[in-house]
Structures are given as C-alpha cells and as structure tokens.
Novice: 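Below are the structure tokens for one structure; questions will follow.
Every chain is numbered from 1, with letters handed out A, B, ... down the list of sequences.
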Amino acid sequence: MKYFVEINGRPHEVELTERLGVLSVKVDGEPLDLAYSEVDGLGQFFVLSEGRSYAVSIDGEASELGVTIAGALYDVHIEDERERAAGAAERAAAKQGGLVKSVMPGVVVEICVEVGQEVEAGQPLLILEAMKMQNELVAPHGGRIQSIHAQAGQAVAMGAKLIQIASLEAPE
Amino acid sequence: MKYFVEINGRPHEVELTERLGVLSVKVDGEPLDLAYSEVDGLGQFFVLSEGRSYAVSIDGEASELGVTIAGALYDVHIEDERERAAGAAERAAAKQGGLVKSVMPGVVVEICVEVGQEVEAGQPLLILEAMKMQNELVAPHGGRIQSIHAQAGQAVAMGAKLIQIASLEAPE
Amino acid sequence: MFQRILIANRGEIALRVIRTAREMGIECVTVFSEADAHSLHTRMGHVAVPLGGRLPSESYLVADKILKAAKETGAQAIHPGYGFLSENAAFARAVVDAGLAWIGPPPHAIEVMGDKIESRRAMLAAGVPLVPGLTDPVADADAAVAAAKGIGYPIMIKAAAGGGGKGIRIVRDPGEMKSAFRTASGEAQSAFGDGRLYLERYLDEPRHIEVQVMFDQHGGAVHYGERECSIQRRHQKLLEESPGPIVDAELRAQMGEVALRAGRAVGYQGAGTVEFLYSKGEFFFLEMNTRLQVEHPITEMVTGVDLVRDQLEVAAGRPLARTQDEITWRGHAIEVRINAEDVNAGFLPATGTIRNLRLPGGPWVRVDSCMYRGLEVGLNYDPMLAKIIVWGEDRATAIERMRRALEELNVGGVRTSAPAALAVLAEPAFRAGEYTTHFLEALDLKGRVGAQERLVAAISAVHRRAMASRRALGADAGDRRGWQARSRAALSDHVRLATNPGGQA
Amino acid sequence: MFQRILIANRGEIALRVIRTAREMGIECVTVFSEADAHSLHTRMGHVAVPLGGRLPSESYLVADKILKAAKETGAQAIHPGYGFLSENAAFARAVVDAGLAWIGPPPHAIEVMGDKIESRRAMLAAGVPLVPGLTDPVADADAAVAAAKGIGYPIMIKAAAGGGGKGIRIVRDPGEMKSAFRTASGEAQSAFGDGRLYLERYLDEPRHIEVQVMFDQHGGAVHYGERECSIQRRHQKLLEESPGPIVDAELRAQMGEVALRAGRAVGYQGAGTVEFLYSKGEFFFLEMNTRLQVEHPITEMVTGVDLVRDQLEVAAGRPLARTQDEITWRGHAIEVRINAEDVNAGFLPATGTIRNLRLPGGPWVRVDSCMYRGLEVGLNYDPMLAKIIVWGEDRATAIERMRRALEELNVGGVRTSAPAALAVLAEPAFRAGEYTTHFLEALDLKGRVGAQERLVAAISAVHRRAMASRRALGADAGDRRGWQARSRAALSDHVRLATNPGGQA
C-alpha cells in the first residue's frame with residue numbers, strides 16, 4: 001500500500017509491503033528500517049529505526065496527525081492510494097475556488113467582503129476573535145465571493161463553513 | 001440496596017436508596033451527604049461530602065477495592081446483600097477449616113507441615129520467598145492438614161491454592 | 001495565621017496557592033465554574049463551592065458570588081491569584097469591608113498603579129525613572145529640536161492619534177529632526193486626520209526586566225531580585241529567566257532599591273512586581289503588577305523563598321521573615337509557559353481534550369500544571385495550561401535542562417507552545433543572552449524543518465495502517481491489546497527488537 | 001567528554017543518568033530485558049539494545065551481553081547505576097580491559113571495600129574509627145571484664161554461633177558482666193551447641209549517617225556533606241534526609257574528613273558513599289558503597305550540585321569542578337522511596353499493572369520515577385518504582401512539603417510504601433529529629449485507623465453500584481461517558497454540586 005504524506009507542507013511517499021508476515025517500509029523510494037509498538041493505549045509509542053530509539057507521541061485521527069518526537073511537533077496530512085484518487089478529482093475541481101472554513105472556534109468580528117466581490121489570494125475575508133486575539137482569515141486563492149455563511153457577532157465552531165469562493169476561470 | 005463493607009477489618013453497613021431518581025446514602029444507620037463522579041476513566045474520582053471535597057482514587061475490582069484519599073489507603077472488602085447471603089453459608093461451613101492461598105506470587109521455599117498433621121492457629125505452614133524476602137504463611141485457625149497443593153521450589157501465583165486445613169470439631 | 005482561606009481563581013495558580021496553604025496547615029476553599037467541576041484545583045482543595053456558569057463573567061469575575069462563598073464557608077481571607085479579580089480595587093475593598101483579609105495590596109495601591117497617568121505622576125514624585133518624553137504635543141520641527149535636548153536621543157516621534165506604526169519616526173540626531181517631523185506629521189494627518197506629534201525617548205534594544213518585591217504591614221520591605229521577561233509576543237510572555245543575563249549585583253541592588261521606592265510611594269503591602277524597560281545601561285519604570293505573577297517560580301528557585309508563604313504571612317499581619325541581607329541568589333532558573341496554541345499555525349489558540357500526558361521530571365525540574373487526562377481545553381479561559389520551571393548551577397546548564405525537560409513533555413490532544421520555546425532555546429543569540437523584546441516576534445518559527453521528516457512519514461504510514469487494522473477488527477475496536485498483537489504479527493521482523501522481547505501485550 | 005555512553009541498568013536510575021547525559025549532549029545507549037521493552041529508560045535513550053531474557057540473571061547481570069552492546073554501538077564508557085553489576089569488580093575490570101571508561105571507582109577499590117575483613121583492616125590502618133570490639137572470643141567472665149576496659153561500655157555480648165537474638169546480652173556496667181556472661185553462654189550453648197562469646201561495643205540510639213564523596217583522577221577529593229538514613233526496615237531504607245537532624249557544621253566537617261580518608265586509603269576515584277553508625281556523639285565506619293546511591297538526590301537538592309555530571313566529568317579524566325570551600329549547603333531535603341509493597345499487609349511485595357498515575361508537582365518537588373500507565377510491576381526486579389524528593393528552607397518545611405506531595409501521589413493498580421512514609425512523617429519523634437535505626441520497625445503501621453472510614457464505606461458502595469450499572473449497560477461497557485451520565489442521573493440531587501455544574505460528560 002502506498003501512502004501520500006505531507007509533513008509541514010512537504011510531500012513524501014511511503015510504501016508499505018507485507019511479505020510473509022514481514023512489513024518493509026520505503027520512504028521516497030529508499031528503504032527504512034522501522035519497528036513500531038504501542039505503549040499505553042493513550043498515544044505513546046516506541047519506535048526503533050536505523051539503530052536508534054524514539055519515544056513517539058501520536059495525536060489526531062484519520063488523515064490529520066500530530067507526531068511529536070523529543071518535543072518537535074510534525075504536522076502530518078496522510079492519504080492512502082484510494083483517498084488520494086478520490087481526493088484528486090475534488091481538488092482539481094476546486095483548484096481555483098473553494099470553501100473557507102473557520103480554523104478555530106471563535107466569534108466573527110467583521111466580514112470584509114460581500115457576495116459577488118472579486119478577491120485576490122491573500123486578501124482579508126473576515127476577522128475572527130478567539131481568546132481575546134483577533135485573527136484575519138485571508139483568501140487562499142483568487143476568485144469571486146459566491147456565498148457568506150456567517151455574520152458579524154456570530155460564534156462559530158472550528159471547521160464551520162464561512163465563505164465560499166468561486167473560481168473565475170472555470171465557473172461551475 | 002444494602003452493602004456490607006469491611007475497611008481495614010472493621011465492618012460497616014451502607015444503605016443506598018433511590019427515590020425519584022435521587023440516591024440517599026446511610027452509613028451505619030446515619031445519613032451521609034455524598035456526590036460522586038468519575039474524572040478520567042482511569043480511576044480518579046471527585047467526591048463532595050458534608051461540605052468538603054475529596055480527590056479520591058479507586059483501585060481494584062469486584063469486592064476487593066483500594067480507596068485512597070490524600071495518601072491514606074483504605075483496604076475495602078465489599079459485598080451486597082445477595083453476595084452476603086451466598087457467602088454466609090460458605091463461611092459457616094469453612095469456619096473451622098479452610099483453604100490457605102498464596103498472598104503473593106513467589107517461590108515456595110519450605111513446607112513445614114505434612115498431610116494429616118494437626119496444627120494450631122498461627123503455626124507456620126510454609127515459607128514463601130518473593131523479592132528476596134522470606135515470608136511465613138501461618139495457619140489462620142487450628143485443624144488438621146487435609147491436603148498440600150505445592151512443593152518446595154515451586155513458583156506459585158498470587159491466590160494459588162497451597163494448603164487445605166480441615167476442621168477438627170466438624171469434619172466434612 | 002489563617003485557618004481557612006478562599007482562593008478566587010482556577011488553573012495552575014489556584015493549585016499553586018493550595019499547595020503552600022496545605023503545607024502550612026491552612027484549609028482551602030476553592031470555587032469553580034461549571035466547566036471546572038473536575039479541575040485539579042476543585043479536587044485538591046478542602047472545600048469546593050460551585051459558582052455556576054461557564055464564562056468568567058458568570059463565575060470567577062462575579063464578586064458577590066465569591067464573597068458569599070467565603071462567608072458561607074467561614075474563610076478568613078481571600079487569595080485572588082493573578083488575572084480575574086486580582087487587580088480589581090473595588091473587589092479588594094469589598095473583601096476588606098466584609099471583614100476578611102485581602103491577600104494583596106491595599107485597594108488604594110491597586111488603584112494608583114492601575115491608572116497609567118496617576119501612577120506616572122506618583123513615580124515621578126518618588127524619583128522613580130520614567131521613559132523621558134513630553135506630555136503635550138510639539139508645535140513644529142524647531143520646537144521638537146529644542147524639546148529633544150531635554151529628552152535625549154534617539155527620539156521617537158509618535159502621532160497623537162497613532163496606531164499601527166503609522167506616523168512614527170526614529171530620530172537619532174538633531175539634523176534628522178526636520179525631515180522626520182514633516183513626513184511623520186503628513187502621514188499622521190492623512191492616516192488619522194490629526195497631524196499632532198509627541199516626542200519620547202526611543203529605547204534601543206529594549207529588555208523587559210522586572211523586580212519582585214514584598215512589603216509587610218509594619219514598614220518592612222524586601223526585593224528578591226529580578227526576572228528577565230523579554231521573550232514575548234504581542235506582550236504575552238513565553239519564557240522568563242532569573243537572574244537577568246545582563247544584570248550584575250550592582251544593577252540588581254539599584255533596580256531593587258528603585259522598585260522598593262515605587263512601592264513605598266503608594267503605601268504598598270504584600271507581593272508585587274515592578275516592571276522596567278531596560279536599554280543600554282538605563283532602566284525606566286513601566287508599570288507595577290499589584291499581585292503575584294505567573295513567573296514568580298523562577299524567583300523562588302534562585303532565592304529558595306516560597307513567595308506564596310511570605311505573601312500569606314504578611315497578609316496575616318506578620319512581619320517579613322527575612323531581611324534584605326538574608327535574601328541570596330543561587331544558580332539560574334528558567335520558566336516556559338505551556339499554552340494551548342498551535343505554533344505551526346502562527347500561535348492560533350488550540351482547543352481539544354487532553355488524552356495523553358507525559359510530564360517531565362528528574363533533577364531540578366518543577367512542573368506547575370493544571371492538566372490531567374480528560375481536561376477539556378476550550379476558549380473561555382486563559383490558554384496557559386502549565387509552567388515548566390528548571391534550575392541549574394549556571395545559565396548554560398539551565399538552558400540545556402529546559403531543552404531536556406521540553407523534549408520529555410508531551411501533551412496529547414491539544415497543541416502547545418512548547419515547540420516555540422524549544423526554538424528559542426536553540427537560537428545562538430538567546431544562548432548568548434543577547435536578546436530584546438523584539439526577539440520572539442522576529443523569530444521565524446514556520447520555516448523550521450524537523451530533522452526526522454522521513455522517519456515521521458514512515459511512522460505515520462505504519463500508524464495509519466495499524467489504526468485501519470484495528471478498525472477492521474470491529475468488535476475488538478476497544479481492545480488495544482488485540483490490535484497490538486495483530487500489528488506485531490504484521491511487523492514481526494522489524495518489531496523483533498521492540499516488542500517481541502517485551503511481550504507486553 | 002564522552003560522546004556516547006552505555007547505561008548498564010534499568011528503572012529510575014537509568015533514566016536519572018539519561019537526563020544528565022542528555023543535558024550534557026552525551027548520547028545514551030540503553031539496554032533492556034524482555035520485560036523492559038517499553039520501559040521509560042528504553043524509550044528515553046538514544047539507542048536501545050535488547051539483552052533478551054526476563055530475569056536479571058539473563059539480562060542486566062550478563063557482563064558479556066553488556067560489553068557486546070557497548071562495542072557494537074560504539075559507546076565509550078559504561079555507567080552501572082546502582083545494584084546489578086555496579087559493585088562487581090570483575091565487571092569493572094572487564095570494562096577497562098575492553099578499552100572503555102568505567103564510570104565508577106577502580107576495580108581494586110571495589111574489591112577492598114566489598115570485603116568485610118579487608119575493608120576493616122584498611123580502615124584501621126588509615127585511622128578510620130571502627131566499632132570497638134574483639135576479633136577473638138573471650139574465655140570467661142573475668143577475661144570479659146578485663147577486655148571490656150579497652151572497648152568501653154555499654155558492651156554487647158554476642159554468641160559466636162549466634163542468630164535470632166539468642167545468646168545476646170547488653171552490659172552497661174562491669175558489675176553486670178558476670179551474670180550476663182553466664183546466662184548468655186548457657187543460652188548459646190543450648191541454642192547452638194557452642195557457648196563461645198564475642199564482645200563488641202553496644203551502640204545506644206544508633207543512627208545511620210553517610211557521607212557523599214567524589215574523587216578525581218588527579219588526587220582531588222571533596223565531600224558533599226551527609227545524609228541520615230536511619231528510617232529503614234530490614235536494612236531497606238524508606239526515607240532519607242539531608243542534612244542530618246543532629247549534624248552540625250563541626251561534625252559535618254569531621255565526618256567528611258574521615259570519609260575522604262577512607263576513600264584515599266583504597267585509592268578511590270569517582271562517586272562513593274561512606275556509611276557510618278553514629279551513637280551519642282561518636283561515629284564508626286560501617287561500609288563504603290562504591291557507586292552512586294539511591295538517595296543521592298537529597299544531596300543534590302541541598303548542595304545544588306548535579307552528582308551524575310560530576311561523576312561523568314571525573315570519569316572522563318577532568319579535575320573536580322569545585323573545591324571543598326565551594327560546596328555549600330542550603331535548606332533541607334527529604335527523599336521517600338515509592339516501593340511496590342503492601343503496607344497494610346506487613347510490607348509484602350505488591351505486583352500489578354499501573355492503570356492510573358497521579359504524580360505530585362509544584363514547588364520544590366522532584367520526581368525520579370520509572371512509572372507509566374501500563375507498566376507491569378512483577379517480582380523480577382527491585383520493587384522501587386519512584387523516589388519523591390522535596391526541598392524546603394528548613395526541616396519543618398521539608399516535612400510538610402513531603403506530606404503534601406505524598407498526599408498528591410496516587411499509583412493506581414499497585415500498592416506502594418507511601419502510606420508508611422506518611423505515618424513516619426506524622427510521628428512526633430520523627431518531627432523532633434529524635435529517631436534511630438530501630439524507629440521504623442518499632443512503628444505500628446497495621447493498627448492505624450484512617451479518619452475517613454465512614455466516608456470510604458459510602459464511596460465504596462456508590463462506586464460498586466455505579467460499576468454494576470455500567471456492566472448492566474452491556475454494549476456500552478467501554479463508554480464511560482454513558483455510564484457516568486447514568487450514574488449522575490441516579491445521583492442527581494447529591495451530585496448537583498459535583499457534576500451538574502461541570503456537565504463534563
């Protein structure tokens with residue numbers, strides 16, 4: 001099975017092959033010696049690799065993991081081949097458009113755009129306040145504001161739909 | 001429901017009565033105000049009683065519990081009415097006889113008695129070694145050695161049957 | 001001494017006070033919001049009183065509820081911790097009026113120090129150095145040049161209506177004043193519709209250095225030396241150390257003396273902190289925090305003094321237990337705040353439930369934490385979950401010890417600020433002690449590449465596969481042992497080293 | 001300095017060494033038995049080498065396996081910790097012969113100090129005081145009276161074949177000698193068939209006091225003061241403190257000087273401890289432990305010195321980092337050993353799996369622990385799971401802090417010795433510092449009545465009922481939240497305080 005792993009934004013390909021009950025691991029085409037085992041059922045793991053030992057903590061579910069080794073946190077996005085194939089089509093469609101979600105729970109302070117307005121990548125869309133700090137959410141790419149799903153003063157949960165941007169080149 | 005609770009060897013009777021969804025607690029006939037809730041799913045509890053708060057740890061299963069409050073450990077043996085009734089007959093039968101079990105995992109160093117021998121309460125029956133310390137297991141009451149289930153040099157688990165003592169007055 | 005006190009706070013600071021009170025044989029009444037029913041502070045006190053509500057404004061900030069709890073439980077004094085009502089003079093006054101002892105300074109001292117203008121006036125009168133500057137706007141560039149003489153260069157020109165860095169110029173020499181004044185004034189006019197400008201000394205290489213003080217009710221006062229807190233971001237401190245890397249015995253004595261003068265000027269009692277801005281050999285009064293501070297433990301580690309104990313004793317009317325000469329400093333201490341923040345996402349607040357916790361331990365590592373498995377970290381309260389404090393014989397040892405401690409720490413389920421602190425500790429400028437209040441904001445944390453990226457990719461894939469196997473086992477989903485055994489079988493060759501010997505399944 | 005060392009040990013001491021090594025930038029090779037595949041020491045090192053086997057005799061005691069691991073991983077030195085091979089001169093020699101550095105004293109010093117007769121001889125020659133006594137049996141009561149003059153009263157008459165307290169008499173005055181000799185001799189004759197008797201000074205109110213020393217390879221030597229370890233049971237220490245409650249600066253200097261003399265007499269290098277028996281103003285050499293000791297942290301807390309760091313530095317050939325004058329003492333430290341023992345069952349060894357863990361924290365509490373959730377505690381290894389160490393400004397503060405820390409501790413799933421330590425801390429004689437090596441064995445631990453018995457009875461019943469409800473829910477058995485909600489509904493009135501506000505389900 002192949003896995004597509006993005007770590008802090010950089011892509012890697014991991015191939016796991018099971019043969020006669022033995023799993024071999026290749027990362028970006030190169031073999032890596034690895035032994036992995038769970039310690040406490042709560043997120044602590046012990047890993048031996050290439051003659052070194054690691055106390056590893058893994059955190060998160062499904063395709064979004066946080067892996068911590070000696071205090072260094074790696075943000076991991078992982079997909080297997082099937083998910084990759086399914087996701088690729090979706091991504092292609094959304095390439096120049098998409099949904100902006102709330103990156104944290106908070107209260108919408110201000111909406112900076114209107115439906116129908118054209119925006120550039122990086123342009124502020126709205127301001128979200130959490131823990132007394134205001135954070136700008138910016139457009140991930142250029143496009144036209146298709147819909148706005150929140151209003152000033154509204155409390156929103158993490159991951160809540162906020163603003164839909166439609167692509168300019170390939171309207172759907 | 002009534003519970004028969006023995007704490008560090010001293011008996012108490014606890015009565016729990018549910019009426020209209022409210023549980024009232026009586027200990028040895030006197031009401032006690034109590035709120036109990038689980039904290040972490042691993043054995044930490046929070047208890048409020050008579051205006052005071054307690055961080056309580058509970059440890060153990062079924063009828064043998066260890067309850068720790070502020071570092072003080074209480075050894076608890078608990079039975080409900082049904083268990084009490086079932087156990088009472090058994091205890092009556094075994095009153096002057098019974099089974100000596102291993103109180104800890106270890107290795108039998110020496111058996112000090114033979115089958116058929118009469119023993120007095122407190123007489124050493126065998127010596128068990130664990131963690132480099134030797135411990136005498138003594139007869140809990142007088143009687144005649146009915147059977148011996150271990151031999152010198154044998155490793156035994158916690159709770160393993162070691163020696164059966166038969167009552168002298170009422171042989172069964 | 002008090003028999004029973006109420007702690008009007010939550011989190012690690014409530015637990016901090018409980019610990020010393022327990023050691024002194026004092027009973028603690030804790031108060032808790034709905035969200036804190038299972039919190040460590042609620043469980044670890046002697047009497048717990050529910051305040052109701054989930055928000056601070058419904059619970060910890062409601063003075064009446066807290067006073068009622070104190071009355072009903074017979075508490076003799078109230079410790080406010082930091083934050084919440086700790087610097088609320090009206091609350092302090094209500095506590096005293098209710099016949100209870102207030103474990104903090106007199107309400108008047110809180111009021112004066114809480115007011116920018118009043119406190120500047122009081123400090124000026126007491127001869128405490130303030131950042132030189134004008135209280136009125138200057139009319140034109142010539143007036144500015146004239147005024148600058150009394151202030152001293154470099155000078156900062158600031159727009160009266162200012163904000164966002166607009167209308168600000170740094171002038172290092174009288175010759176630059178004219179053009180700087182003109183452009184700043186124009187910028188301020190167009191940005192704010194108000195071209196008026198103030199002058200203030202610009203502090204190069206500013207460092208935030210503060211002095212811990214304690215006053216009793218009998219005129220006694222001591223300082224416990226300084227803490228350097230320049231590692232901050234948006235005025236939120238991340239890492240503090242004591243002694244300050246650039247503070248020697250002479251400067252310590254000087255700053256201590258000025259800090260005591262500041263306190264005396266407002267009739268201070270109890271524990272407080274006088275914050276200074278230090279720049280190139282000079283230091284200036286910034287403000288006084290009229291309460292115990294988050295970073296008090298580093299002072300405790302180097303002086304050996306339990307500040308909460310001293311605080312309780314002077315609040316109970318006892319004279320200070322030690323003279324200035326009896327306060328000595330040994331070694332070096334560092335504190336790192338463990339906040340619920342996602343460093344990789346630009347310090348966004350993080351939420352979640354703590355599922356897994358590995359706290360550091362061993363020699364000279366102190367953990368002041370309110371974390372436990374099951375704790376839900378939300379947005380209603382301060383994001384600080386814990387403080388890791390280390391002590392070392394010298395600064396270099398303390399730095400390495402903190403690195404080691406942070407490498408041991410793991411908070412599963414909630415992102416924390418620990419990686420940012422590790423990044424700070426690795427910076428050569430920090431290690432040399434050469435840093436200012438701009439240090440942390442200038443540090444590029446996003447660009448950091450972990451050294452173990454290939455390994456992490458492999459671990460993630462193997463973990464993903466193991467999770468899928470576990471899910472595939474269906475009914476056994478909760479049974480980790482079964483899953484582990486399966487994972488082991490699948491990985492038998494590689495795993496021989498790691499798990500076959502252990503046979504821990 | 002070494003780049004990589006191997007730690008030939010397990011448990012908390014392996015972790016202790018790893019921590020300092022990590023702080024010094026030294027890589028650690030750990031070794032582990034099958035039972036320790038998931039142990040903290042295995043996970044926290046840089047390189048882990050499996051030894052195989054579950055018993056010490058198959059793993060940590062197999063010199064060849066350890067030397068092989070060191071060679072294969074390129075370790076330059078071996079730290080033996082305490083126990084296992086740490087006082088095995090043959091192993092030390094093998095390490096040195098293999099071209100590796102031995103982080104311990106020269107094999108010859110281990111040998112001499114490990115032999116009762118040889119060490120007594122060496123100490124006698126060096127002028128180190130030994131308990132006065134005869135090496136040969138005395139012929140009769142008159143000879144005993146004559147010999148007693150040279151020994152000093154009180155005198156202990158001991159049977160040559162002795163054991164179990166038989167044939168022992170204490171003689172406090174020459175007039176008692178005749179009758180004591182006669183009855184002891186008769187008792188010995190009838191008990192052992194051997195009436196021969198020895199004489200030795202009887203030490204009234206004996207206290208176990210030991211001195212920590214360190215020698216470098218260049219003739220440098222320092223002592224770090226004493227530890228009092230009289231709280232012991234069957235020669236197993238439970239609680240240690242530093243400084244000793246009855247030791248003043250003069251006695252400390254004297255004992256330190258004698259301890260250094262003892263080490264010099266055998267050409268000592270590295271860290272060691274000289275144990276003395278103290279009685280009424282006199283002290284006598286007992287033995288020398290030629291390794292780091294379990295209780296070394298209390299010395300670290302009062303001196304501020306990292307003993308493992310000093311140990312590594314002198315093993316690497318560096319001269320001692322400080323002179324005797326630079327070693328100073330501040331405050332008071334206490335250590336309690338957390339052993340897997342059931343105090344209520346007469347200190348029987350306890351086993352089990354750690355399901356739940358709440359470690360103490362906060363100011364001046366140090367935890368050296370090898371515990372983690374999931375740890376299986378068996379009978380193959382030393383029962384010590386952790387050490388709690390506290391520091392306080394003075395002894396009274398340290399005692400209260402330790403009580404507080406032990407009250408915070410919870411080890412779910414395995415019984416520990418903590419309740420015994422709490423009982424010791426509560427005893428007036430201990431608090432007054434007036435105790436001897438007989439103290440702990442004379443303490444009645446079984447008879448103790450907890451103050452909360454009625455409450456515990458009620459909690460147990462409610463818990464039992466909640467567990468039964470959970471089981472009755474069948475499929476939901478693993479879902480504690482569901483169960484909790486049910487329990488709450490049942491208890492709603494009482495629970496209002498505790499859980500309704502929290503709504504944490």
Novice: Tell me whether D/Glu441 at atom CD has more than 12 heavy atoms from other residues, nucleotides or ligands lying less than 6.0 Å away.
Specialist: yes
Novice: Report the distance from atom CG of D/Asn410 to atom CD1 of B/Ile69, rounding to the nearest 0.5 Å.
Specialist: 11.0 Å
Novice: Need one label for B/Val14: side chain, backbone, both or neither, based on atoms under 4.5 Å from any heavy atom in chain D.
Specialist: side chain
Novice: Kindly give the heavy-atom pair with the smallest separation between B/Ser57 and D/Arg358, and that separation in Å.
Specialist: OG-NH1, 4.2 Å
Novice: Between chain D and each of B/Asp28, B/Leu16, B/Val5, count heavy-atom pairs under 4.5 Å; write down the option with the most.
Specialist: B/Leu16
Novice: Can you check whether anything in residues 417-425 of chain D gets within less than 4.5 Å of chain B, heavy-atom wise, and list it by number?
Specialist: D/Pro419, D/Leu422
Novice: Taking all non-hydrogen atoms of both residues into account, name the closest pair between D/Ala458 and B/Val25 and its distance.
Specialist: CB-CG1, 3.8 Å
Novice: Where is the tightest heavy-atom contact between B/Leu65 and D/Ser460, given as atom of each residue plus distance?
Specialist: CD1-CB, 4.1 Å
Novice: Between B/Glu79 and D/Arg464, what is the shortest heavy-atom contact and its length?
Specialist: CA-NH1, 4.1 Å
Novice: Only pairs of heavy atoms separated by less than 4.5 Å count here; which of B/Val67, B/Ile78, B/Asp80 has the most with chain D?
Specialist: B/Ile78
Novice: Can you tell which part of B/Phe4 gets under 4.5 Å to a heavy atom of chain D, answering side chain, backbone, both or neither?
Specialist: neither
Novice: Are any non-hydrogen side-chain atoms of D/Leu455 and B/Leu34 less than 4.5 angstrom apart?
Specialist: yes
Novice: Looking at D/Ala457 and B/Ile7, what are the two nearest heavy atoms and their distance?
Specialist: N-CD1, 3.5 Å
Novice: Where on D/Val411 is there a heavy atom nearer than 4.5 Å to chain B: the side chain, the backbone, both, or neither?
Specialist: backbone
Novice: Closest heavy-atom contact between D/Glu453 and B/Tyr74?
Specialist: N-CE2, 4.2 Å
Novice: Report the residues that fulfil side-chain hydrogen bond (donor to acceptor under 3.5 Å, both in side chains) with D/Asn339, sequence neighbours left out, ordered by chain and then residue number.
Specialist: none
Novice: Report which part of B/Gln44 has an atom under 4.5 Å of a heavy atom belonging to chain D: side chain, backbone, both, or neither.
Specialist: both
Novice: Which residue pairs pass the salt bridge (charged side-chain N to carboxylate O under 4.0 Å, His left out) test when at least one of the two sits in residues 411-420 of chain D, sequence neighbours left out?
Specialist: B/Asp75-D/Arg415, D/Asp342-D/Arg415
Novice: Is it true that B/Glu50 and D/Arg454 have a side-chain N and a carboxylate O under 4.0 angstrom from each other?
Specialist: no
Novice: Identify, with sequence neighbours excluded, every residue that meets ring pair (Phe, Tyr, Trp, His ring centres under 6.0 Å) alongside D/Phe84.
Specialist: D/Tyr60
Novice: Between B/Thr68, B/Leu73, B/Val76, who has the most heavy-atom pairs with chain D when the cutoff is under 4.5 Å?
Specialist: B/Leu73
Novice: Donor-acceptor check, side chain of D/Asn356 to backbone of B/Leu42, threshold 3.5 angstrom: yes or no?
Specialist: yes
Novice: Counting only heavy atoms closer than 4.5 Å, note whether B/Glu13 contacts chain D via side chain, backbone, both or neither.
Specialist: neither
